[in-house]
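A quick write-up on the structure given underneath.
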Amino acid sequence: MTDKKPVRVRIAPSPTGDPHVGTAYVGLINFAFARKNGGRFVLRIEDTDRERSTPESEAAILDSLRWVGLEWDEGPDKGGDYGPYRQSERSDLYREHIRTLLDNGSAYPCFCTPEELGSIRKRQREQKKNKGYDGTCRRIEPDEARRRMDAGEPHTIRLAMPLEGETGFTDRLRGEVSYANDQIDDQILMKSDGFPTYHLANVVDDHLMEITHVIRAEEWINSTPKHVVLYQAFGWEPPVFVHLPLLRNKDKSKISKRKNPVALNYYRQIGILPESMLNFLGMLGHSLGDDREVFDLEEFIQEFSFDRVSLGGPVFDVDKLLWLNGVRIRDMAVPELASRLRESLFSQEAVERLVPLIRERIDSLGEFPDKVTYFTLHKLPIPMELMVKGLKTRTPAEMATLLKKCVKEMDGVEFAAEPLEEFLKGYCEEKDIKIGELFMAVRIAVTGRKATPPLFETMEALGRAAVTQRLLAAVELLKQVRL
RNA sequence: GUCCCCAUCGUCUAGUCAGGUCAAGGACACGGGCCUUUCACGCCCGCGACACCGGUUCAAAUCCGGUUGGGGACGCCA
């Protein structure tokens, strides 16, 4: 182990949806480890899911990562010696490597349809097995497989897992972890659309980009043996694996947007300082080893060590984040704080976004701040009397159920005024409730007021995270109403 | 269900690797008080945890085993 290679780590977000606090968390650890060891921090965009990946999301991720202050050394927007840094631009590479696997017998084509896979999966569950795919197409003769591929029959490429023995690896935080090979199914490496899955792409890219330490969330630990088998199939040296504990909701489940605001943008919107966010993330699952709780990025890097990581999944406690933010605000010099205020709440961008909504509703500039409070308040008070008074045909409990279901279904709706309007109107029809009654409930839940700019424009401006959070808060309050 | 990971106050954590200095320390939240024209801030006090059962040892929060509990994974998503 004397051939010390220069440390290279990466953060590899998938550009689907809003930039996530988990990305910043894993990013912070990677960043700190790189800085601590004089290494490079790489940003790689994992956009192999062409159904869900969007350029807007990618741009938002870059923006959010920069906002918190985790600047990368190599990435899609700034290049580097190991590009391209966007997986959708590396298709040739993956195809080439798939060919290697096919040739050396480590992978095989699978012609099963999604329907067939569904029933196989169901059967496996019934047999109380952990395994997914049962290996049906693995038994097809190579000549026949080749013929069917050449004939253009739709297929995926699967990894041929060893059938016996076990595969293990050393996790830097947990030690030896190993799995019986017969527990692991033949993972799809390349989809029928010709794009690789995460498993193939991340192994190929990590190797080609000379990543030395794969530092990622614990949700990946179960697929690591598949990756190890891939490294072996290619004849490559695997990197060091480090699986970080998962951030949690209050109920300890994996952090999710329905139970907790997870969008970095949300915290930016309510006026969390980026250094507070980083400070807070830095105290989840890691401590400086003394009583310091308020620290900056440099101090964190200074003290960072895998030996100081604790493995219990930390709850993302917004109250503590708020406290930390308050401490930093109070510590800040007045001119600095004043300019921060202008940069965030009164930025050109923020004000321009809100002005169209309230311009015709004010007669003096002084009325502006009051009109926009609900865009930036984390804990918006909801006047329950007002809300309950608006209920004509439903009880508070019924409205709670209605709103909860509404939040759930809203997940799949593009968060813009028109689609939201279409969705909510349809929802009223489906639930056979007067538009006015539901809309007023939503309006009060989301803004705390009866009189606001048009609901859907307001919702769009508020953003998904805030709307979801408020609606769910209202659901809880409605449940408690006693008539 | 199967496999894997984890386990100190309600929450974030120190202590665990190198057992004794821990009748377990700090912070958030919560309760009370002080300060104060109010509210906050600040300060003080309080509440509050080694999941359980065995084993090893002179000695276990710390090591070992089991149980329980929690979480994750089991997608042509990452």
Side-chain angles (χ1 to χ4, degrees), chain A residues 12-17 20 22-23 45-53 87 110-114 116-118 120-121 124-133 154-158 166 168-169 171 173-185 187-202 216-226 243-255 279-294 307-324 326-327 329-331:
Chain A
S14 159
T16 54
H20 199 278
T23 304
I45 297 294
E46 308 234 332
D47 56 351
T48 53
D49 182 347
R50 68 198 218 312
E51 298 272 300
R52 296 195 303 152
S53 296
Q87 290 186 329
C110 173
F111 303 95
C112 293
T113 63
E116 286 168 327
L117 293 178
I120 290 171
R121 211 167 288 134
Q124 297 279 0
R125 278 293 173 105
E126 279 161 5
Q127 290 172 15
K128 303 181 190 302
K129 291 217 176 110
N130 171 29
K131 197 151 167 160
Y133 186 58
H155 64 277
T156 61
I157 304 293
R158 285 184 186 271
E166 47 181 50
F169 59 95
D171 182 277
L173 302 176
R174 298 153 219 272
E176 290 302 314
V177 182
S178 78
Y179 297 76
N181 288 333
D182 63 12
Q183 288 289 332
I184 305 170
D185 75 342
Q187 180 63 47
I188 289 182
L189 300 176
M190 184 165 279
K191 303 178 248 182
S192 55
D193 65 4
F195 278 76
T197 59
Y198 170 83
H199 306 279
L200 199 236
N202 110 86
R216 74 226 310 182
E218 190 182 358
E219 55 190 329
W220 295 111
I221 199 165
N222 288 311
S223 44
T224 305
K226 295 172 181 176
H243 292 96
L244 265 16
L246 251 20
L247 264 23
R248 310 291 182 94
N249 298 311
K250 274 199 168 58
D251 65 4
K252 297 276 191 180
S253 56
K254 174 166 99 168
I255 195 166
N279 187 160
F280 177 62
L281 293 173
M283 55 197 267
L284 298 181
H286 189 274
S287 72
L288 300 194
D290 51 34
D291 287 343
R292 268 177 297 169
E293 299 217 87
V294 182
D307 296 331
R308 302 215 60 83
V309 172
S310 53
L311 295 174
V315 172
F316 192 93
D317 181 1
V318 182
D319 280 342
K320 191 142 186 177
L321 170 61
L322 252 14
W323 165 76
L324 205 51
V327 171
I329 284 173
R330 276 167 237 126
D331 276 352

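Convention: sequence-line order gives letters A, B, ...; per-chain numbering from 1.
Residue side chain Ser192(A) reaches the base of rC76(B) through a donor-acceptor N/O pair under 3.5 Å, judged by distance alone.
No contact: Thr16(A) has no heavy atom under 4.0 Å from any strand. Within 4.0 Å (heavy atoms only), Leu117(A) reaches at least one base atom of the nucleic acid. When heavy atoms are screened at a 4.0 angstrom cut-off, Cys112(A) is found touching base atoms of the nucleic acid.
Distance noted for atom P between rU21(B) and rU37(B): 49 Å (whole Å). The same atom, P, is picked in rA59(B) and in rG70(B); the two are 34 Å apart, to the nearest Å. Comparing rG15(B) with rC63(B), their C1' atoms sit 16 Å apart, to the nearest whole Å. Rounded to the nearest Å, the gap between the C1' atom of rG1(B) and that of rU8(B) is 32 Å. Atom C1' of rA49(B) sits at a distance of 10 Å from the matching atom of rG10(B), rounded to the whole Å. Of the P atoms belonging to rG71(B) and rG55(B), the separation is 31 Å, rounded to the nearest Å. Taking atom P on both rC53(B) and rG69(B), the two are 16 Å apart, rounded to the nearest angstrom. Atom P of rU68(B) sits at a distance of 38 Å from the matching atom of rG31(B), rounded to the whole Å.
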Determine all donor-acceptor pairs shorter than 3.5 Å in which one atom belongs to a side chain in residues 308-317 of chain A; sequence neighbours excluded.
| residue | atom | partner | partner atom | Å |
| --- | --- | --- | --- | --- |
| Arg308(A) | NE | Ser287(A) | O | 3.0 |
| Arg308(A) | NH2 | Ser287(A) | OG | 3.4 |
| Asp317(A) | OD1 | Asp319(A) | N | 3.1 |

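Across all strands shown, rU2(B) is found opposite rA73(B) as a Watson-Crick or G-U wobble partner, with both distances under 3.5 Å. Look at rA61(B): it lacks any Watson-Crick or wobble partner with both distances under 3.5 angstrom. Judged by Watson-Crick or G-U wobble contacts below 3.5 Å, the nucleotide rU67(B) has rA51(B) as its partner. Shown here, rC30(B) forms a base pair with rG46(B); the pair counts as Watson-Crick or G-U wobble because both key distances fall under 3.5 Å. The pairing partner recorded for rA18(B) is none, the criterion being a Watson-Crick or G-U wobble arrangement whose two distances lie under 3.5 angstrom.
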Test salt bridge (charged side-chain N to carboxylate O under 4.0 Å, His left out) on Arg52(A) and Asp47(A); report intermediate values, then the result. CA-CA 8 Å; Arg52(A) 296 195 303 152; Asp47(A) 56 351; over 6 Å; no

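Listed pair Arg121(A) / rG75(B) meets the phosphate criterion, a side-chain N or O lying under 4.0 Å from OP1 or OP2. Between Arg248(A) and rG70(B) there is no side-chain N or O to OP1 or OP2 distance below 4.0 Å.
In terms of the ring-ring contact (aromatic ring centres under 6.0 Å, His included) criterion, His20(A) has no residue partners (sequence neighbours excluded). Under the side chain to side chain contact (heavy atoms under 4.5 Å, CB included) criterion, Asp193(A) pairs with Arg50(A), Lys191(A), Phe195(A), sequence neighbours left out. Applying the side chain to side chain contact (heavy atoms under 4.5 Å, CB included) test to Leu324(A) and every residue at least two apart in sequence or in another chain returns Asn279(A), Phe280(A), Met283(A), Val294(A). Residues meeting the side chain to side chain contact (heavy atoms under 4.5 Å, CB included) test with Ser253(A), sequence neighbours left out: Asn249(A), Asp251(A), Lys259(A). In this structure, Trp323(A) has no ring-ring contact (aromatic ring centres under 6.0 Å, His included) partners at least two apart in sequence or on a different chain. For Arg292(A), the side chain to side chain contact (heavy atoms under 4.5 Å, CB included) partners two or more places apart in sequence, or in a different chain, are Leu288(A), Asp290(A), Glu299(A), Glu303(A).
At whole-Å resolution of the value, CD1 in Ile184(A) and P in rU2(B) are 17 Å apart. When the C1' atom of rA78(B) is taken as reference, atom CZ of Phe195(A) falls 15 Å away, rounded to whole Å. Residue Asp291(A) contributes atom CG, which lies 8 Å from atom P of rG26(B) at whole-angstrom precision. Atom CG of Asn279(A) is separated from atom C1' of rC28(B) by 13 Å (rounded to the nearest Å). Whole-Å rounding puts the Lys254(A) NZ to rC74(B) C1' distance at 12 Å. Gln187(A) has its CD atom 8 Å from the P atom of rG75(B), to the nearest Å. We find that CZ of Arg52(A) is positioned 8 Å from P of rA78(B), with the value rounded to whole Å. Put simply, CH2 on Trp323(A) is 18 Å from P on rA40(B), counting in whole angstrom units.
Heavy atoms only, all atoms of each residue included: Arg216(A) and Tyr198(A) are closest at NH2-OH, 3.2 Å.
The residues Glu116(A) and Arg121(A) are annotated as not salt-bridged, no charged nitrogen and carboxylate oxygen being separated by less than 4.0 angstrom. A salt bridge between Glu218(A) and Arg174(A) is present, with a side-chain N of the basic residue lying under 4.0 Å from a carboxylate O of the acidic one.
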Check nucleotides 3-5 of chain B for protein N or O atoms closer than 3.5 Å to its own N or O atoms and list the pairs.
| residue | atom | partner | partner atom | Å |
| --- | --- | --- | --- | --- |
| rC4(B) | O2' | Tyr179(A) | OH | 2.9 |
| rC5(B) | O2' | Arg174(A) | NH1 | 2.5 |
| rC5(B) | O2' | Glu218(A) | OE2 | 2.7 |

Could you write out each protein N or O paired with an N or O of nucleotides 10-20 of chain B at a distance under 3.5 Å?
| residue | atom | partner | partner atom | Å |
| --- | --- | --- | --- | --- |
| rC12(B) | OP1 | Val315(A) | N | 2.9 |
| rC12(B) | O2' | Met283(A) | O | 2.8 |
| rC12(B) | O2 | Lys320(A) | NZ | 3.4 |
| rU13(B) | OP1 | Gly285(A) | N | 2.0 |
| rA14(B) | OP1 | Ser287(A) | OG | 3.3 |
| rG15(B) | OP1 | Arg308(A) | NH2 | 3.2 |

